[in-house]
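As structure tokens, the structure follows; a few thoughts come after it.
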Amino acid sequence: MNVKINEDNPGNGLLGLVIAVVEVIVDTLKLQAVRRMESGKLTEDEIERLGTALMKLDETLGELKESNNITEAVERIKNQLDDVANSLVAEETEAVEIA
Amino acid sequence: MREETPEGKYVYCISGGEARKHFGGIGVCGNHVYTISSQGMTAVVHDCQPTPYNSKDLAEAAKWLATHNKVIELAMNEFGATVPLRFNTIFKPAESTTSTQVLAQWMSEENNVLKEKLRRVAGKKEYGVQIYCGEEAFKGNAAALDDLKQKISASSPGTAYLYRQKLDYAVTKNIQDTTVSLSRKFHSTIKENVSEISVLKKRNDVEGKLMLANFACLADEAQAEKLGGELEKIHENGFEVQFTGPWPPYNFMGTK
């Protein structure tokens, strides 16, 4: 696995990597939240609170990226992480899809 | 035994039959390309140091790769069926054996495997087929998602946010499902028209476009013409088609 971070500014590079990983976790949380909402086990109030908390988390991450000027770097790292994950499963999946 | 200088052999490809030919300074870094034959096989090579070519300059590396393929193309035109080797395939001298002898020994040991590979690609060439469609083509398809859109506009911010996520998932799933079914359809159509087809990983490298299919096809001339006709039909149905080649048959060197 090879994920590149900015060599000229390792502090920002590391922050970018951390935020990229946090975003991946937040994405998973969102998926779980939608599933819980659909399960019918949450009250309207709970759904609203859950949605608001995730929305604020999104906004905070957005602000952090903007103020540190690392929006593009985070996107790049996430794409690299995607590539790593895809390369692990893609060929297998494609073979099944076509079969 | 006297060692050659420089002592490595950079090998581009292997063709059937024995031939002596000097191609001139057309190799990677302008090296002189020539042939070494043994056991009914001909390797297209240049002399090099026994260390891999390495560059941090992407443009330079891309140029080397293009040159590598160009030499293989010439060999294909000259000798017919050809087993392309990867960039940076270098034979090094072993103890008291020159790199030429190491290469000849390898061609002898791998003779049956190489012959089988040459048989497989004889009279055929590899073509690349990529089929794309614009992302907007899927958005119009999302009428069934109107219900979610209504919920978004009718809900308070937190709940609307979750519905927006749900809408994103639904749109993504819609795209994935459609991509898979179209990809299968293209695969079965194209398969009918070529000798072999290999499914390659889809890349999303063109902004605003979705790659629906990425195939390598092994085809003789008549098949390539028919394939062109089929792709024309796919294009007429509103898809963007990239048809490239002929390429060295890299994707048909593994097991079937």
Side-chain angles (χ1 to χ4, degrees), chain A residues 2 4 6-8 23-62 72 75-76 78-99, chain B residues 56 58 129-131 145 147-148 151-152 154-173 175-192 196-205 207 211-217 251 254-256:
Chain A
N2 199 357
K4 287 183 189 139
N6 186 355
E7 287 167 9
D8 301 332
E23 283 194 347
V24 171
I25 296 169
V26 171
D27 285 345
T28 314
L29 288 176
K30 284 183 203 164
L31 188 62
Q32 285 302 324
V34 169
R35 284 195 183 142
R36 289 183 68 188
M37 174 175 76
E38 287 177 324
S39 73
K41 287 178 189 159
L42 297 181
T43 64
E44 274 184 24
D45 190 39
E46 283 170 330
I47 293 173
E48 179 62 20
R49 274 190 289 145
L50 188 58
T52 307
L54 285 169
M55 186 167 64
K56 289 204 168 139
L57 203 51
D58 242 359
E59 284 167 6
T60 309
L61 286 170
E72 273 180 32
E75 206 49 43
R76 224 175 15 247
K78 278 178 82 178
N79 285 338
Q80 289 175 29
L81 290 170
D82 271 353
D83 288 345
V84 172
N86 285 341
S87 65
L88 291 174
V89 292
E91 282 164 28
E92 204 63 28
T93 317
E94 292 254 322
V96 174
E97 277 175 11
I98 296 300
Chain B
K56 282 196 171 165
L58 279 181
V129 173
Q130 287 87 35
I131 304 171
L145 307 172
D147 176 46
L148 268 174
K151 278 182 176 164
I152 291 171
S155 303
S156 44
T159 309
Y161 177 81
L162 287 186
Y163 279 127
R164 248 194 325 272
Q165 299 303 320
K166 195 177 165 185
L167 179 66
D168 281 350
Y169 298 144
V171 170
T172 307
K173 174 130 190 356
I175 291 175
Q176 279 170 349
D177 290 352
T178 316
T179 306
V180 168
S181 82
L182 283 170
S183 177
R184 276 192 190 143
K185 206 175 107 193
F186 296 141
H187 183 268
S188 62
T189 311
I190 292 172
K191 198 178 170 189
E192 298 295 311
E196 284 188 57
I197 181 167
S198 170
V199 179
L200 307 179
K201 198 174 144 190
K202 288 197 268 280
R203 308 179 306 261
N204 278 322
D205 51 3
E207 188 86 17
M211 187 182 268
L212 302 170
N214 186 11
F215 302 133
C217 303
N251 288 296
T255 45
K256 278 190 204 181

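This one's a predicted model, so the numbers in the text were calculated from it and none came from an experiment. As a basis for the values below, the full set of heavy atoms in this structure was taken, side chains included, without hydrogen atoms, waters or symmetry mates.
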To the nearest 0.5 angstrom, please state how far the OH atom of B:Tyr169 sits from the NZ atom of A:Lys30. 6.5 Å
Residues of residues 53-61 of chain A within contact distance of chain B, non-hydrogen under 4.5 Å: A:Leu54, A:Met55, A:Asp58
So which pairs with a foot in residues 32-44 of chain A pass salt bridge (Lys or Arg N to Asp or Glu O under 4.0 Å), sequence neighbours left out? A:Glu38-B:Lys166
Using non-hydrogen atoms only, which part of A:Asp27 is less than 4.5 Å away from chain B: side chain, backbone, both, or neither? backbone
Qualifying residue, where the test is side chain to side chain contact (heavy atoms under 4.5 Å, CB included) with B:Thr159 and the options are A:Asp45, A:Thr52, A:Leu50, A:Ile47: A:Ile47
